[in-house]
Amino acid sequence: MTESTDTTQEELVESVKQLEEEDIFKRPPARETWRFLDGERELSPSMVLVFLVFLGGVAASVWHIYTAAAGYAQFFVTRPIHVLLIVGLGLFLYDWNGETRSFESLSWRLGVDVLLYAGLAAATIYPTLEPTAFAQRYQFASYTTIDLLLGVVITAIIVEMVLRVLGYAFLVFILVFVAYTLYGTNLPQPFGHAAVGPAEFVTFEYMSIHGIWGVPIGVMAKYVMLFILFGAFLDSTKGGLLIQRFGNKVTGGSAGGPAKVAVVTSSLMGMISGSALANVTTTGSFT
């Protein structure tokens with residue numbers, strides 16, 4: 001029992017050492033940008049892409065800090081821009097297989113992702129141009145062909161990102177409920193519902209406050225992103241590591257130490273963040 005506990009303790013210490021050796025500038029694309037600024041990489045098309053993605057991450061951080069500090073809360077501005085910045089980063093950070101893009105070489109698939117990003121930009125910037133008129137067109141069912149087209153585009157892009165990040169299981173989950181929405185009227189009671197046409201479905205998702213721009217995106221854009229940025233700041237300044245090492249000192253030597261370390265670490269982080277998602281992004285990897 002003692003030998004097993006000692007082995008577990010050694011593994012835990014080794015994990016902490018690995019965390020100490022990590023640095024935010026060693027992770028792509030920030031790692032490659034830092035190598036370029038340090039003169040280790042020459043300017044190339046792939047390096048330009050890395051730098052643009054890096055700037056996209058900086059822009060996302062600045063935008064969310066600005067909207068929080070200024071108290072800017074225009075519904076059809078903050079949420080679409082949030083989706084543009086975050087989903088846009090996802091298109092370039094994840095390849096078609098759902099793996100982290102290497103940025104070592106460029107392929108024709110990247111060209112497709114650029115087109116997807118252009119479609120995403122059009123669909124998210126469009127509501128911000130005239131947010132009040134955009135909302136009123138949905139309320140009075142006077143949506144245009146452009147509304148429908150961009151609604152289909154952004155829905156398809158979000159489904160694609162779900163496939164890349166979460167896999168086929170969640171994609172099937174989405175498709176089942178979409179099919180139920182469109183064709184559930186043919187089911188017997190009590191499972192059937194009133195008929196919903198494709199145009200009604202698309203405009204509800206794209207132009208209402210209950211679809212894509214609903215509560216989850218609102219909470220993410222207004223609150224959770226700030227906690228994620230805070231967690232990233234703690235991580236890069238080794239503040240998170242301090243919390244992890246404290247938990248290790250308190251419970252790491254006892255039976256079931258790793259599980260207790262995870263509980264103590266998560267609790268300490270939760271006391272200052274108040275966000276479960278912030279805990280996942282900071283102490284989650286250690287857990």
Side-chain angles (χ1 to χ4, degrees), residues 22-38 41 43 46-94 100-101 103 110 113-114 116-131 134 154 157-158 161 164-165 212-240 269 272-282 284-285:
E22 282 188 357
D23 191 281
I24 191 172
F25 294 112
K26 295 179 182 178
R27 304 170 192 171
R31 176 195 61 201
E32 301 303 323
T33 301
W34 191 252
R35 288 177 60 192
F36 171 73
L37 295 176
D38 204 33
R41 284 199 61 171
L43 184 63
S46 60
M47 191 63 243
V48 172
L49 173 63
V50 168
F51 190 59
L52 290 176
V53 173
F54 181 75
L55 288 180
V58 173
S61 301
V62 172
W63 168 256
H64 288 92
I65 292 174
Y66 163 73
T67 54
Y72 190 72
Q74 173 55 257
F75 188 92
F76 281 114
V77 175
T78 57
R79 300 185 185 187
I81 296 300
H82 167 77
V83 172
L84 171 62
L85 293 171
I86 302 304
V87 177
L89 283 174
L91 284 173
F92 295 107
L93 289 175
Y94 293 92
T100 303
R101 197 182 297 272
F103 295 103
L110 178 62
D113 288 337
V114 171
L116 290 177
Y117 181 78
L120 176 69
T124 50
I125 293 176
Y126 180 69
T128 69
L129 300 178
E130 295 181 341
F134 183 78
I154 193 170
I157 291 174
I158 289 178
M161 282 307 305
R164 295 189 190 188
V165 177
I212 294 174
W213 321 120
V215 173
I217 289 295
V219 173
M220 186 74 184
K222 190 173 182 180
Y223 301 109
V224 177
M225 271 300 301
L226 297 178
F227 286 121
I228 292 177
L229 292 174
F230 174 63
F233 175 78
L234 276 182
D235 186 38
S236 61
T237 58
K238 308 304 181 186
M269 181 62 191
I272 58 177
S273 72
S275 168
L277 187 54
N279 275 23
V280 172
T281 58
T282 51
S285 58

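For this chain, numbers begin at 1 and follow the sequence in order. Please read these numbers as outputs of a predicted model, since none were measured by experiment.
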Do [X] and [Y] have side chains that approach each other closer than 4.5 Å (heavy atoms only, starting at C-beta)?
| X | Y | value |
| --- | --- | --- |
| M225 | I86 | yes |
| T78 | K222 | no |
| F134 | L129 | no |
| L84 | Y117 | yes |
| I81 | F76 | no |
| F92 | L110 | yes |

Minimum heavy-atom distance [X]-[Y], with the two atoms named:
| X | Y | value |
| --- | --- | --- |
| A221 | H64 | O-CD2, 3.3 Å |
| L91 | R164 | O-NH1, 3.2 Å |
| L89 | V53 | CD2-O, 3.5 Å |
| V83 | I154 | CG1-CD1, 4.5 Å |
| H82 | I217 | CD2-CG2, 4.0 Å |
| G119 | I157 | C-CD1, 4.0 Å |

Legend entry - Neighbour count >12 (heavy atoms, 6.0 Å) for atom CD, Q74: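 Counting neighbours around CD of Q74, more than 12 heavy atoms of other residues, nucleotides or ligands fall under 6.0 Å, so yes.
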
Legend entry - Whether over 12 other heavy atoms sit under 6.0 Å from F75 CZ: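 Enclosed.
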
Inset, instruction - Quick one: sort the F54 and F51 rings into parallel, tilted or perpendicular, breaks at 30° and 60°. - result: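 Rings of F54 and F51: parallel, as their planes differ by under 30°.
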
Legend entry - Reference residue P80; test side-chain contact (heavy atoms from CB on, under 4.5 Å); the match among L85, L120, T128: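 The side-chain contact (heavy atoms from CB on, under 4.5 Å) with P80 is passed solely by T128 among L85, L120, T128.
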
